[in-house]
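Here is the structure we will look at, set down as structure tokens.
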Amino acid sequence: MSEVIWGLATSHVPSIGAAMDRGMTQEPVWKPLFDGYRPAREWLAQHKPDVAVLVYNDHANGIDLDIVPTFGIGTADRYSVADEGFGRRPVPDVVGDPDLSLHLLQNLMDEGFDLTVFQELNVDHGFTVPLSIWTPEPGEAWPCPVVPLLVNVIQYPQPTAARCYALGQALGRALASYEAPARSASWAPAACPTSSPGRAPGSSTRRSTTCSSTRSRTTRRSSPRSPARTSSARPAPRASS
Amino acid sequence: MSEVIWGLATSHVPSIGAAMDRGMTQEPVWKPLFDGYRPAREWLAQHKPDVAVLVYNDHANGIDLDIVPTFGIGTADRYSVADEGFGRRPVPDVVGDPDLSLHLLQNLMDEGFDLTVFQELNVDHGFTVPLSIWTPEPGEAWPCPVVPLLVNVIQYPQPTAARCYALGQALGRALASYEAPARSASWAPAACPTSSPGRAPGSSTRRSTTCSSTRSRTTRRSSPRSPARTSSARPAPRASS
Amino acid sequence: MSSESALAPPKTYVFDGAASRQGYRMNKLFMTLRDPAAREEFLADEAAYCERFGLSEAQTKAVLGRDWQAMLDLGGSIFYVYKLAMMDGLSMQYLGGVFTGMSEADFKAAMLAGGRTDV
Amino acid sequence: MSSESALAPPKTYVFDGAASRQGYRMNKLFMTLRDPAAREEFLADEAAYCERFGLSEAQTKAVLGRDWQAMLDLGGSIFYVYKLAMMDGLSMQYLGGVFTGMSEADFKAAMLAGGRTDV
Ligand SMILES: [Fe+3]
Ligand SMILES: [Fe+3]
């Protein structure tokens, strides 16, 4: 069995990634945000997962408008970082975990979630910005394999909040039933503030889209001898508001 | 409100379409099948719908293995007939009904079905063979617009039978709530016998895939003055075994 | 498409099925602009590129004239329209200013001050 | 992949996630064969075409040798493998015969007689 050991929720606005890629994190406008991340990053660095599940949404980079899935899961062993039109971010491609993907797929389908399966997927800032917030200096590779779970926020109708909540609960059950003795963690949904177009002069809008992020950590062990093992999930550190 | 006035279930094996396209329906091997269809066709010809919903599965013609949705709905105003590798069938392209598509999409999403939305879709024999069985001589156009509802049967896991049944029930409710005063009809799921590969010498296999077909007829009227209007759906004629 | 329905906050676009159908070809065009070769081709003859993608006359006019508001009115999705703006070297904050009748600097200042609070 | 699990009738392939991953590139190749120009290109140099699509050595050998059984063993989906057979002018009944150790005629006769009844 596996165990969820942490969860993390964060905004994924592309400018966060750009600020990191361009060394601007200490500039006055950015410093408060990155200072806020520091305690979480320190805690997370001490609790390295073996695998993560990242619930996110694509922004017209991995998915076009021909086929718009409500919920999707990647089952590939590798996901390329998308070029969103300004060159790809200087971060590593993502290594997947097909075994965990197929386990989650089977269990979520059995629970009545109508998932779309991606064998090929380019991941955009909705995916790489949360990874960067977790691991600012990944070097050649991210710390562990990551399974993408996609939620449509581009085209209405989006899934209801109730449906997203039910999916998160089912995801928890599916992770718990993963056969290898293991611990896991989960990213909770995060609001993603986006400047949203409104036509009224003089009014700016701010709107939250359901850029959910759920991260799962599964430590595979042949015997349950982890000293850090606990029977319940640890509360997720609060990374940002 | 709309009303379901008939349902039809049929096999969609491509050779049925080929037999029709090549004028072979009176040959000894085919005649019993097409004789079986005759009573249903006569009845159906007297009950022309204004719009139909066809639940079917694609066979690697409209959908590839990169992205495999469990349930999909077309919202286009036109669907091209696919070339499956032997030239496209000599039948008309399919006119869609985006308004009904979007109504069904909204209602099915609200009921917790995680649909994938297709704005572009080439329909294959899984779609055109049922249309041909209903309307052997369509001429320039099929009798009415048709909305495609897709069910994955290509790649395991497929949706459970319970989930398909629940989708059919929700589809019925969604059709009933369609705002224009109307009557509608629904195609029930049909078994699609496919010769399925087995490696044991000397044994042939026959397997049913869930090639569901649900057809909805919605007659839009500004007033409910249809003489044929009934409060409950008519039983579907049995077209074939 | 702007909406005043229960689904949408006032003065906010909801990119729903009808909007997506209306903007489908235009958004497809914007999607291609992620590719440097496509950007070059587009810039060499924008009108021809629009015609190749089957844009309506109004959509073509909006794209050629960089009428960002009109693109939204004609079914553009902000995630797609933004790809054209990026090609032009414009920021999301610039678009925010256009959509709210402000300069980019004023829009940024308004966002830093807490953004819109009337909804 | 053939399976003896509870999910599958005996001696039947279940095209599941693992099979689909294994056969992904080969099935992608088969998908292209719906297009006459691709068929021409494939026939002109089958090995090069297989290489372009990144098939494994075993998959390439199966395709070049028209080893239909091996294609299934290596992750081929019957819906995709059939596109290669179609190109060769072969029928689904022919493949049924190959997979069951019969001639096409015997397979057809067996199907007309009611097909397999032991499962
Ligand atoms: Fe976002
Ligand atoms: Fe079929």
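Lettering follows sequence order; numbering is per chain, from 1.
Neither the backbone nor the side chain of B:V68 comes within less than 4.5 Å of any heavy atom in chain D.
Of the listed residues (D:F79, D:Y82, D:Y80), just one forms a ring-ring contact (aromatic ring centres under 6.0 Å, His included) with B:H59, and that residue is D:F79.
A 6.0 Å sphere centred on CZ of B:R41 holds more than 12 heavy atoms belonging to other residues, nucleotides or ligands. Heavy atoms from other residues, nucleotides or ligands lying under 6.0 Å from CD of B:Q169 number more than 12. In B:R88, the CZ atom is crowded: over 12 heavy atoms of neighbouring residues, nucleotides or ligands sit closer than 6.0 Å. Counting heavy-atom neighbours within 6.0 Å of B:Y165 OH, excluding the residue itself, gives a total of 12 or less.
Taking each heavy atom of D:S20 and B:Q155 in turn, the nearest pair found is OG-OE1, 2.5 Å. Heavy atoms only, all atoms of each residue included: D:M31 and B:I63 are closest at CE-O, 3.6 Å. A pairwise comparison of heavy atoms in B:E84 and D:M86 identifies O-CE, 3.2 Å as the closest pair. Considering all non-hydrogen atoms of both residues, D:K83 and B:N61 come closest at NZ-OD1, 2.8 Å.
Counting heavy atoms from C-beta outward, B:D66 and D:K28 have side chains that approach closer than 4.5 Å. With a 4.5 Å cut-off on side-chain heavy atoms, D:D35 and B:D83 do not count as touching.
Using a 3.5 Å distance cut-off with no hydrogens or angles, the side chains of B:D64 and D:Y24 do not pair a donor with an acceptor.
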